[in-house]
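In what follows, every chain begins at residue 1, and chains take the letters A, B, ... in the order their sequences are listed. Keep in mind the model is a prediction, meaning the values are calculated, not measured.
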Amino acid sequence: MADFKNTLNLPQTDFAMKANLSQSEPATLARWEAMGLYDRLERERANAPHFRFHDGPPYANGPIHVGHMVNKVLKDMVVRSRLMEGMRVPYTPGWDCHGLPIEHRVVGELVKKGKMKELDALPADIRRMAIRKACAADATKFIGVQAKGMQRLLTHADYAQPYMTMDPAYEAGTLQLFADLIEAGLVFRQLKPVHWSVANRTALAEAELEYEEREDPSIWVDFESSDAAAVAKAFGLESLDARPSFMIWTTTPWTLPANLAIAVGPTYRYALVRMDGSETILATDLLAKVKAAVGAENVEVLAETDGVKLVGLAYRHPFCEREGRVIGGEHVTLEDGTGLVHTAPGHGDEDWRVGLREGLRAYCPVRDDGTYDDTVPEWLRGVNIWDANAMVIRRLTESGHLVHHVMFNHSYPHDWRSKTPVIFRATEQWFIGVDRAMKQGGHTLRQLALEAVESKVRFVPEWGRNRLRGMLESRPDWCLSRQRAWGLPIPAFSLPDGSTFLTPASVRAVAEVVKQRGSDAWFTETPATLLAGYDPAKDPAAPKGLQVASLEKLFDIFDVWFEAGSSWNSVLRARGQGVPAELYLEGSDQHRGWFQLSLLPALGATGAPPFKSLVTHGFVVDRDGRKMSKSLGNALEVEDLLKEFGAEVCRWWVSGLAYENDIRMDKAFLTAAGEAYRKIRNTLRFLLGNIGDLPKGDVVKEAMATDPASLDGWALAELARVQGEVRDAFTRHAFREAHQTIFDFCNDTLSSVWCAAAKDRLYCDRADAPRRRQTQRVMRLAAESLCRLLAPVLPHTADEAFRSMHGPEVCVHLASHLNFSFTAHAGWPAAMTARAAALKALEEAKARGVENPLDAGLTLPDPDGALKPFAADLADLCGVSRVKLDPAAKSVIVTDLREAPRCERSRRRDESVRPRADGVPLSDRDAEAVGAA
RNA sequence: GCGCCAGUAGCUCAGCUGGCUAGAGCACGCCCCUGAUAAGGGCGAGGUCGAAGGUUCGAGUCCUUUCUGGCGCACCA
């Protein structure tokens, strides 16, 4: 039998079927780097419309994890899809460098190496510098590791010039912003209870807390009233034999030395009871609960009264030499306890607030190391508060004040890194006030922020608005200061009289020094040097008679969130990229983090938000829906995934996520993504393989000459529609829609319908036959367009295909979308419906022995002639040898052509097949193609 | 405790302002092709739309309650 294989125009391409991603991706990366792709785009697009996108700084701690991967790939699809729209997209990646986690680990290592003892012996400045140097090295190391990982994900960004919060220029920008906020009247220093990590001797931000189960004592204590007669009067009694007590409940016995008051709910009912022989007072509604809790046997109610009547009564502190008062408090609940709340303004936020109102001081007898100072009774001085719990209980037991004592488990805030329990402790801290009227305009930050959230920012998904609003409504003043070494110093000084010196001008002067020498200067230089550029005479805010030489440096550093939150200023503004950014895109946890803490400083300094839209994504969880994190040890390693699947497959997976929800992750999902990737790759390969011999020409223009009634016209219209939908989806950040549309186009429109149908003409028509050329021209446009549509998701593969078409010196990422539209014959949907019916009929014919569609002929019912315009393509479209249209037919008729002659070249049983001169049966078309008579 | 989100075929997800026998892809089963070949094509099976009430001529889609999972916030004196 004659072999016609080498007379066919079979696909030919250097675009390999096997992607070999883990090897070829790094090569692509190196190529982009060598050609200076980022800078080149910046140059070429200098005057193009500008898309401002701002990268939130990840913390430079450890290698990248799956969460980083999702975040960075989502961002990259934003960047690359805008680039493909022809825009200029400067994109500076950044890192958060300072902060406790790094310092904690570094110090831990110093301790392990035994170096910490030497350091502790050094002067404070020198010790801090040693720690800072080690921290800086640590941060630098991980920035390198992370940058490499992020680049390996094929993300497009200015990795040559990233921003780092520890850069001198960045630090100076942060300080200048701080000066603006001081000027706006938002910064103040105040004694306030804050979450205090005893282990790290520092105040913690809300974001640095973790709630964990912990066992604590739960005690009921009688506080003896000072004046029995007054109590009797409050209950409407004539007199009382014994001196009654106020029963309080607490789970932190160690805070009792700081007790200054008892709070009651003014509207609640309180009962005077005789409980197992002693008279005590507690909320009526809690009587039964307390009786059960403390195991009291005999309880007799003597009288009842309203809480408000108790306000003002005095009691004796059970072991300190002082009296306290009963006060009213709206925060008192009848959930737990006795309805009488032990109040220590130095150890609790609500206590402190009530205390402010009642004129109580924020008394805090606990030192930064968690031990008592000398203002407490002698037996407690120098004692660690956790040890004090038992001592206090013993003391109360001995003195007869303790009613009951049990141990119980509850959720308690812990320092997120050291995992040790946190306490509330009043200290001098720097704050940004959210309820202070600003000098300009008189609004508060909270008002401005709520207004911005309400009407000035877009949210994707929309419910982010509620979320941020809720947080802003309830957030307290922002505690800016930390008592650590690794961070940007708050450039405040103390004066000889103990007061604090910090003005906008002094901060700006220090900022200049920091800009030159970095924040290390604060530790290595004298106040005089730091303030060399400062002239008290020109500073209206300077204290009278200020002597710079008499100043001493203070050593608080900034909350790292303030540094990260000033990135719009230190990056977008400082680098001339402009504010506000079009978009911030981060995990939904950043509602309380970066989003909020960028918004507040920006509003304080400029009055406007630093972003126009906020897009958030959920967290990556494992197959069972559990959070994936390093600390839980159930995380998949990005490095392994890249090795096993390649960045492109990972990116394809990310592009298909419903990212606003939690993101379930399993290797099986990546395997599936890999299958989809191969499908797309093979489809692209088929297109590339079939257009190699097409003479060069205007890609769009030539395709536009396609016959709208031809199958190619149908495919072209589909292509135009898909391109429009995908581009629109990208601009809406609806990556999943784009992903779906691209896949369906490749899988269905191309692979299953068009490519399958076009095979015959592509392979068997004479190479330059007009019919074949038309198909090729549309295929070429499809390939060109597809490369561009895929570029944001599969930057490597898109570039590989593009180079396969245009040669090794080009890059798809320098290109932008082709603009075209095309309308096919309006009858195509009906033709496709007819095709579906035909395929079903063919399936049924298999039972009768017609298993190969090329052994079949079809008679399609066409009552109104709707199929006539497509007659030429119907056989190919259905994969059969012949199609007849019959206005009278009721349903599809499959004709068995197994006895009909078969063309040896095309394998079709066409009507025109007949033996040629050499006796070989060929159809007319094939005979012509090989020049046979 | 409060707020928010999700719960549709084995898996990942569509189903807009309520309206024909609830869709897609993957996976699965059977079959074809062997000239995209560690490819390609066809057909098929598969769902009480978390549960229970209610509104309606009609509800996956609206209301109420409830269960499960997740996230956030608060409280823990």
Side-chain angles (χ1 to χ4, degrees), chain A residues 3-6 8-11 13 17-18 206 211 214 216 218 248-252 255-256 259 261-263 329 331-333 335-338 340-344 347-351 354 408 410-413 424 461 463-464 466-471 473-475 587-589 591-592 618-619 621 623-627 653 656-658 660-662 664 666 668-669 671-673 675-676 678-679 682-683 685-690 736-737 739-740 743-744 747-748 751-753 755-757 759-760 762-764 839-840 842-844 846-847 850-855 878-879 905-907:
Chain A
D3 183 9
F4 287 95
K5 188 162 177 174
N6 48 25
L8 299 171
N9 315 301
L10 291 178
T13 174
M17 176 181 268
K18 196 171 181 309
E206 298 128 271
Y211 286 79
R214 171 182 165 80
D216 269 315
S218 174
I248 63 98
W249 174 71
T250 182
T251 57
T252 52
T255 63
L256 287 176
N259 174 281
I262 293 173
H331 64 290
V332 177
T333 69
E335 292 286 316
D336 292 301
T338 62
L340 292 142
V341 176
H342 150 56
T343 299
H347 290 298
D349 193 53
E350 302 224 275
D351 295 11
V354 169
F408 84 122
H410 63 157
S411 168
Y412 189 87
F424 251 112
W463 47 259
N466 280 327
R467 189 105 155 244
L468 192 51
R469 185 199 297 121
M471 287 179 187
E473 278 168 352
S474 60
R475 75 148 301 133
S588 59
D589 59 333
H591 283 109
R592 80 164 174 190
F619 279 91
V621 296
R623 191 205 335 226
D624 307 317
R626 285 197 323 169
K627 192 167 174 174
W653 172 71
L657 295 172
E660 52 277 314
N661 299 323
D662 278 345
R664 241 183 252 263
D666 192 70
F669 302 166
T671 305
E675 291 298 318
R678 286 168 58 188
K679 181 76 186 200
N682 272 316
T683 306
R685 179 164 180 266
F686 181 85
L687 297 180
L688 297 178
N690 282 293
R736 182 183 170 76
E737 276 179 54
H739 166 107
Q740 198 80 260
F743 183 79
D744 287 350
N747 186 41
D748 192 37
S751 183
S752 163
V753 181
C755 294
K759 274 186 190 178
D760 176 76
L762 288 169
Y763 297 174
C764 303
L839 293 177
K840 201 158 279 185
L842 284 168
E843 195 67 24
E844 284 155 14
K846 282 181 181 172
V850 187
E851 295 188 317
N852 185 341
L854 282 177
D855 289 340
C878 301
R905 183 162 175 272
S906 66
R907 294 164 182 167

Please pick, from B/A36, B/C26, B/C43, the nucleotide with the shortest atom-to-atom distance to any side-chain atom of A/Leu839. B/C43
Looking at residues at least two apart in the chain, or sitting in another chain, which of them share a side chain to side chain contact (heavy atoms under 4.5 Å, CB included) with A/Lys5? A/Asp3, A/Leu10
Between C1' on B/G25 and NZ on A/Lys679, what's the gap in Å once rounded to a whole number? 11 Å
Suppose we screen for side chain to side chain donor-acceptor pair (under 3.5 Å). Which residues come up paired with A/Glu675, at least two apart in sequence or across chains? A/Arg678
Assign a letter to each nucleotide of nucleotides 29-35 of chain B from its 5' end: B, base within under 4.0 Å of a protein heavy atom; S, sugar-phosphate only; -, no contact. --BSSSB
Considering residues at least two apart in sequence or located in another chain, which fulfil the salt bridge (Lys or Arg N to Asp or Glu O under 4.0 Å) criterion with A/Glu737? A/Arg732
Would you kindly give the CG-to-P distance between A/Asp744 and B/G15, to the nearest whole Å? 14 Å
Set of side chain to side chain donor-acceptor pair (under 3.5 Å) partners for A/Arg905, sequence neighbours left out: A/Thr7, A/Asp926
Counterpart residues, side chain to side chain donor-acceptor pair (under 3.5 Å), relative to A/Glu843 (two or more places apart): A/Lys846
Please name all residues satisfying side chain to side chain donor-acceptor pair (under 3.5 Å) with A/Asp216, sequence neighbours left out, ordered by chain then number. A/Arg214, A/His410
Residues passing the salt bridge (Lys or Arg N to Asp or Glu O under 4.0 Å) test with A/Asp666, sequence neighbours excluded, are A/Arg623
Would A/Asn466 and A/Arg469 count as having a side-chain donor-acceptor pair, cut-off 3.5 Å? yes
Are any protein N/O atoms closer than 3.5 Å to N/O atoms in nucleotides 4-12 of chain B? If there are, list each pair with its distance.
unit_1, atom_1, unit_2, atom_2, d
B/C5, O2', A/Asn661, OD1, 3.4

